[in-house]
Amino acid sequence: MKVTPETQRIMMAIRAIPHGQVCAYGQIAARAGLPGRARLVARVLAESSDLNLPWHRVLRASGQIAFAQDSEMYAEQCRRLRAEGIEVKSGRVRMPKTDLDLDALLWAPK
DNA sequence: CTGATGACGGCGC
DNA sequence: TGCGCCGCCATCA
């Protein structure tokens with residue numbers, strides 16, 4: 001895929017998602033300094049497919065898994081999430097009302 | 001240049 | 001809470 005400084009920051013943001021935590025496309029974009037580029041995040045994931053990215057920790061803002069429930073990718077993402085102790089209820093996970101937990105971890109106050 | 005598309009979001013009802 | 005509609009952005013035919 002085409003690696004621009006933007007896609008770099010996006011991948012960095014995704015790699016920063018802690019084990020057992022999830023994050024929305026939009027949040028990733030925002031954290032990468034690209035507000036409104038949620039769709040760009042989606043493309044980066046789609047095109048980097050087999051990189052060492054925790055792609056399964058990225059979902060829609062609604063907490064819904066982004067794939068069709070009958071797709072293989074959906075099943076795979078489900079497995080991986082549950083493997084990290086995340087409960088997946090009818091295609092969606094409980095998204096934190098605020099992402100302060102994540103911010104706290106990322107901001108790593110010293 | 002124009003219109004369609006998609007691992008998306010937000011607002012209204 | 002759930003849906004639908006519309007807005008956004010980057011590509012592509």
Side-chain angles (χ1 to χ4, degrees):
Chain A
M1 69 168 283
K2 183 169 60 174
V3 279
T4 71
E6 305 188 335
T7 62
Q8 273 298 356
R9 291 202 298 277
I10 290 177
M11 301 206 299
M12 175 197 77
I14 296 175
R15 269 192 292 272
I17 305 176
H19 180 288
Q21 283 254 319
V22 294
C23 192
Y25 293 88
Q27 292 176 10
I28 296 295
R31 262 169 46 202
L34 304 167
R37 278 60 178 183
R39 292 193 113 118
L40 178 58
V41 175
R43 273 189 323 97
V44 170
L45 284 179
E47 293 178 34
S48 61
S49 62
D50 56 356
L51 200 54
N52 292 10
L53 288 173
W55 58 270
H56 55 287
R57 298 183 194 146
V58 186
L59 4 169
R60 292 187 184 168
S62 58
Q64 241 334 110
I65 287 181
F67 296 102
Q69 304 216 3
D70 53 38
S71 69
E72 190 48 40
M73 289 302 286
Y74 172 88
E76 178 60 20
Q77 184 163 16
C78 248
R79 269 194 303 283
R80 294 192 173 202
L81 286 175
R82 294 204 243 251
E84 296 190 0
I86 299 174
E87 181 178 359
V88 183
K89 176 94 173 180
S90 52
R92 76 172 35 173
V93 312
R94 204 176 69 69
M95 279 291 274
K97 302 172 185 60
T98 70
D99 45 88
L100 293 184
D101 308 25
L102 183 53
D103 278 337
L105 286 173
L106 294 176
W107 274 90
K110 216 272 292 287

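Numbers restart at 1 for each chain; the letters A, B, ... are given by sequence-line order, proteins then strands.
Figure legend. C:dG2 is base-paired to B:dC13; pairs are counted as Watson-Crick or G-U wobble with both atom distances under 3.5 Å.
At whole-Å resolution of the value, CZ in A:Arg37 and C1' in C:dT11 are 15 Å apart. Rounded to a whole Å, the CD1 atom of A:Ile28 is 10 Å from the P atom of B:dG9. The separation between A:Gln27 atom CD and B:dG10 atom P is 9 Å, rounded to whole Å. The nearest whole Å value for the distance from the CD atom in A:Glu47 to the C1' atom in C:dC9 is 14 Å. Between the P atom of C:dA10 and the CG atom of A:Leu34 lies a distance of 9 Å, rounded to the nearest Å. In this structure, CG of A:Leu40 is placed 12 Å from C1' of C:dC8, rounded to the nearest angstrom. The CG atom of A:Leu45 sits 13 Å away from the C1' atom of B:dG6 (whole-angstrom rounding). Nucleotide C:dC9 holds its C1' atom 8 Å from the CZ atom of A:Arg43, rounded to whole Å.
Using a 4.0 Å cut-off between a side-chain N of Lys or Arg and a carboxylate O of Asp or Glu, A:Glu76 and A:Arg80 qualify as a salt bridge.
Using a 4.0 Å cut-off, some side-chain N or O of A:Lys2 falls inside it from OP1 or OP2 of C:dT11. At the phosphate of B:dA7, neither OP1 nor OP2 sits under 4.0 Å from any side-chain N or O atom of A:Arg39.
Relative to the side chain of A:Ala61, the nucleotides C:dA10, B:dG10, B:dC8 differ in distance, and B:dG10 lies closest. Closest approach to the A:Arg60 side chain among B:dC8, C:dA10, B:dA7 is made by B:dC8 (side chain taken as heavy atoms from C-beta onward). Which of C:dC9, B:dA7, B:dG9 sits closest to the side chain of A:Ala38 comes down to B:dG9.
Here the closest non-hydrogen pair linking A:Arg31 and A:Cys23 is NH1-SG, 3.7 Å.
A donor-acceptor pair under 3.5 Å is absent between the side-chain atoms of A:Tyr25 and the main chain of A:Leu40, judged by distance alone. Of the possible donor and acceptor atoms, none in the side chain of A:Gln77 sits under 3.5 Å from a partner among the backbone N and O of A:Glu72. At least one donor-acceptor pair closer than 3.5 Å links the side chain of A:Arg37 to the backbone N or O of A:Pro35.
Counting any heavy atom pair closer than 4.0 Å across all strands shown, A:Ala29 reaches no nucleic acid atom.
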